[in-house]
Amino acid sequence: MFNNNTDNKPKIIIANWKMNPDSFGETDNLIKIIKKGIKKSDNLKVIICPPAVYLSKIKANSGFDLGIQNIFWEDRGAFTGEISAIIAKNLKIKYTIIGHSERRKYLNETDEMVNLKMQSALKNKLSPILCIGETLEEKKKDVTSGVITNQLKKAFKGISNIKYSISNICIAYEPVWAIGTSKTPSIDEIMSVNLLIKKTISNLYDRETAEKISILYGGSVDSKNAFDFVDKTGMDGLLIGGASLNGSEFARIVNLFE
Ligand code: 13P
């Protein structure tokens with residue numbers, strides 16, 4: 001079946017700072033602590049996703065790849081408060097988170113909107129970090145596989161040409177019940193979702209595409225559990241919330257993958 005040996009792909013560690021920190025001064029400080037704490041590694045990508053207003057200021061002095069936490073699906077126009085893939089791209093931002101469960105929950109972001117954002121990101125050569133995952137209710141009803149397959153099919157609906165950017169697309173499995181709760185799935189559960197994602201992408205596209213897309217885990221990751229979530233599951237990396245706001249803890253996680 002699928003090759004679970006992903007050693008040749010760079011590991012990807014993403015910091016999702018969500019709506020933190022409160023000021024650019026604190027942001028700058030956090031970047032400095034992370035930079036100082038991280039040892040160099042060639043086969044590792046570290047991506048920071050701060051609040052959008054800090055992006056251009058960080059860009060100038062950080063050396064990290066940056067991601068925006070959300071984009072709108074239209075290229076330009078009368079959409080107050082929104083940021084397009086083009087605006088992000090022109091700031092030299094490489095990645096965009098799409099479909100985070102907090103946006104699905106608090107802003108009623110639907111699978112259809114997620115699909116439009118995927119299309120806009122890919123069209124404008126911004127690499128999507130697509131977030132999927134089941135709620136606690138769905139887990140209890142034992143419908144995780146169906147939920148994940150459905151989210152993937154809808155996110156990639158009508159997207160035929162992803163070839164040019166396959167190796168930059170990330171799919172992050174973030175069980176909603178594991179976000180910020182200190183609860184995490186078992187290694188076996190993460191491994192089986194990893195295989196399910198590969199199988200679904202293979203059915204939608206082909207096996208080569210499924211092997212090239214990076215699949216990440218997110219939800220209550222810290223420096224104690226991070227290594228196993230990648231090393232024992234075949235995952236290609238991690239999407240980290242809370243622990244990425246502590247500069248030395250985030251650097252410790254990154255350094256596990258040197
Ligand atoms: P926590 O690491 O705080 O659980 O958040 C995960 C997450 O939502 C990253 O996108």
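Whatever order the structure lists them in is the order used to number ligands and atoms, beginning at 1. Just so it is clear, the model here is predicted, and its values are computed rather than measured. The basis for the numbers below is simple: all heavy atoms, side chains too, and nothing from hydrogens, waters or symmetry mates.
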When Ile, Leu, Val, Met, Phe, Trp and Tyr are grouped by side-chain heavy atoms lying under 4.5 Å apart, directly or through other members, which residues fall in the same group as Val147?
->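 Listed partners: Val143.
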
Could you pull out every N or O of ligand 1 that sits under 3.5 Å from a protein N or O, with the distance for each pair?
unit_1, atom_1, unit_2, atom_2, d
ligand 1, 2 (O), Gly241, N, 2.9
ligand 1, 3 (O), Gly242, N, 2.8
ligand 1, 4 (O), Gly180, N, 2.7
ligand 1, 4 (O), Ser220, N, 2.7
ligand 1, 5 (O), Lys18, NZ, 3.2
ligand 1, 8 (O), Lys18, NZ, 2.8
ligand 1, 8 (O), His100, NE2, 2.8
ligand 1, 8 (O), Glu174, OE1, 3.4
ligand 1, 10 (O), Asn16, ND2, 3.0
ligand 1, 10 (O), His100, NE2, 2.9
ligand 1, 10 (O), Glu174, OE1, 3.1
ligand 1, 10 (O), Glu174, OE2, 2.9

Could you tell me whether [X] and [Y] make a salt bridge, using a distance below 4.0 angstrom between a side-chain N and a carboxylate O?
X	Y	result
Glu112	Lys157	no
Glu138	Lys141	no
Lys139	Glu189	yes

Can you sort out the partners of Lys18 under salt bridge (charged side-chain N to carboxylate O under 4.0 Å, His left out), two or more places apart, ordered by chain and number?
->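 Partners of Lys18 by the salt bridge (charged side-chain N to carboxylate O under 4.0 Å, His left out) criterion, ordered by chain and then number, come out as Glu102.
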
Please tabulate, one pair per line, all N/O donor-acceptor pairs under 3.5 Å involving side-chain atoms of residues 76-86, not counting sequence neighbours.
unit_1, atom_1, unit_2, atom_2, d
Ser84, OG, Asp75, O, 3.2
Ser84, OG, Ile86, N, 3.4
Ser84, OG, Ile87, N, 3.0

